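Before any comments, here is the structure.
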Amino acid sequence: MTLTIFYATSTGKTEDIAQRLAALLGANTDVRDVDSLASAEDFCAVDAMVCCVPTWNTGADSLRSGTAWDTYVEDIADISLAGKPVAILGLGDSSSYGDYFCDAMEELYRAFEAAGARMVGSVPIDGYTFNDSKSVINGRFCGLPIDEDSEPDLTDERLGAWARQLQQDMAGQLG
Ligand SMILES: Cc1cc2nc3c(=O)[nH]c(=O)nc-3n(C[C@H](O)[C@H](O)[C@H](O)COP(=O)(O)O)c2cc1C
């Protein structure tokens with residue numbers, strides 16, 4: 001069983017975080033750029049996945065990432081991922097974009113949820129400073145927000161705790 005970490009990026013931060021998460025999760029972890037996919041069907045071929053997405057399209061109702069994820073987000077909802085474990089990780093800036101913090105996570109979360117995936121990896125909002133985020137669902141972030149712009153000193157701790165959470169939530173998929 002392998003875990004695939006998918007990412008898309010504009011300035012490289014999301015790729016860096018994807019690689020750092022892969023190092024924490026260890027063997028049986030692949031990292032793939034969404035730009036390299038042929039179609040949304042490629043998501044059907046993996047055992048479990050983490051989807052890493054920055055927010056660039058500030059305040060938008062749709063296509064919030066502003067990266068290659070926007071090419072796939074509508075198609076994802078139409079594929080079948082029945083029971084496949086999926087976690088979302090978002091990059092954003094809680095200081096400059098505190099009204100839209102990591103908004104793109106929610107759009108991907110809804111798409112994979114509609115495809116029948118088993119969504120894991122939500123985290124409490126405690127410890128984050130922001131005004132609003134579409135990615136808060138039932139009082140929790142629907143994935144892990146990472147803020148390399150304003151809170152890079154907290155990234156190691158957040159990634160480490162989340163990696164341990166994923167190893168529990170995806171037990172059996174991570175080897
Ligand atoms: C023009 C612009 C718009 C942005 N919009 C948002 C936003 O709406 N919400 C947010 O949390 N971060 C926003 N950000 C911050 C980026 O998401 C953040 O810098 C992220 O780490 C970029 O990841 P990347 O290097 O992988 O593309 C924005 C940054 C810029 C420059």
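Remember, it's a predicted structure, so these values are computed and weren't measured experimentally.
The line from CD of E41 to OG of S80 is 9.5 Å long, rounded to the nearest 0.5 Å. The line from OG of S62 to CD of E74 is 7.0 Å long, rounded to the nearest 0.5 Å. To the nearest 0.5 Å, the span separating OG1 on T14 from CZ on F6 amounts to 15.5 Å. Atom OG1 of residue T29 and atom CG of residue L24 lie 9.5 Å apart, to the nearest 0.5 angstrom. Here the CG atom belonging to D103 is positioned 12.5 Å from the OH atom belonging to Y97, to the nearest 0.5 angstrom. The structure places CZ of R110 at 12.0 Å from CE of M105, a figure rounded to the nearest 0.5 Å.
Only one option out of T155, I146, L91 pairs with K13 in a side chain to side chain contact (heavy atoms under 4.5 Å, CB included); it is L91. Partner W69 forms a ring pair (Phe, Tyr, Trp, His ring centres under 6.0 Å) with one of Y109, W56, F43 and no other, that one being F43.
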task = Apply the test side-chain contact (heavy atoms from CB on, under 4.5 Å) to residues I88 and F112: give CA-CA distance (whole Å), side-chain angles for both, the deciding distance (0.1 Å), then the verdict.
result = CA-CA 9 Å; I88 310 294; F112 281 104; 4.2 Å; yes
request  = May I have the step-by-step check of side chain to side chain donor-acceptor pair (under 3.5 Å) for S94 and D147, ending in yes or no?
outcome  = CA-CA 7 Å; S94 60; D147 185 346; 2.6 Å; yes
task = Apply side-chain contact (heavy atoms from CB on, under 4.5 Å) to the pair D35 and L37, showing each step before the final yes or no.
result = CA-CA 6 Å; D35 254 336; L37 302 184; over 6 Å; no
inquiry  = Between L159 and I17, is the side-chain contact (heavy atoms from CB on, under 4.5 Å) condition met? List the steps.
reply    = CA-CA 9 Å; L159 276 182; I17 293 299; 4.1 Å; yes
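Contact annotation: the side chain of L21 approaches that of V50 to within less than 4.5 Å [non-hydrogen atoms, C-beta and beyond]. Side-chain contact between I76 and L108: present, with at least one pair of heavy atoms (C-beta onward) separated by less than 4.5 Å. By the 4.5 Å heavy-atom criterion applied to side chains, Y72 and I79 are not counted as neighbours. Side-chain contact between M1 and N28 is absent, with no heavy-atom pair separated by less than 4.5 Å. Looking at V86 and R118, their side chains never come closer than 4.5 Å, going by heavy atoms from C-beta outward. Counting only heavy atoms from C-beta outward, the side chains of F101 and D132 never approach each other to under 4.5 Å. With a 4.5 Å cut-off on side-chain heavy atoms, L89 and I5 do not count as touching. Residues F130 and I125 have side chains in contact (heavy-atom distance under 4.5 Å, counting atoms from C-beta outward).
Contact detail for C102 and G92: the closest heavy-atom pair is SG-N, 3.5 Å. In terms of heavy-atom proximity, A8 sits nearest to A68 at CB-N, 4.1 Å. For T71 against D75, the heavy-atom pair with the smallest separation is O-OD2, 4.1 Å.
Side-chain N or O atoms of K84 include one that pairs as donor or acceptor with a backbone N or O of C44 at under 3.5 Å. Judged by distance alone, the side chain of D30 and the main-chain N or O of T4 form no donor-acceptor pair under 3.5 Å. Side chain of R64 to backbone of N57: no donor-acceptor contact under 3.5 angstrom is found. S133 contributes no side-chain N or O that, together with a main-chain N or O of Y100, makes up a donor-acceptor pair within less than 3.5 Å. Looking only at distances, a side-chain donor or acceptor of D70 sits under 3.5 Å from a matching main-chain atom of G66. Looking at T55, its side chain does come within 3.5 Å of a backbone N or O of A104 through a donor-acceptor pair.
Relative to the ring axis of Y128, R158 places its NZ or CZ within 45° and under 6.0 Å from the centre.
A donor atom on one side chain and an acceptor atom on the other are found under 3.5 Å apart for D93 and S96. S122 and R140 share a donor-acceptor pair across their side chains, judged by distance under 3.5 Å alone. Side-chain N/O atoms of S65 and E107 include no donor and acceptor closer than 3.5 Å.
The pair R20-E15 fails the salt-bridge criterion, with no side-chain N (NZ, NE, NH1 or NH2) lying under 4.0 Å from an Asp/Glu carboxylate O.
The number of heavy atoms from other shown groups lying within 6.0 Å of CG (D153) is above 12.
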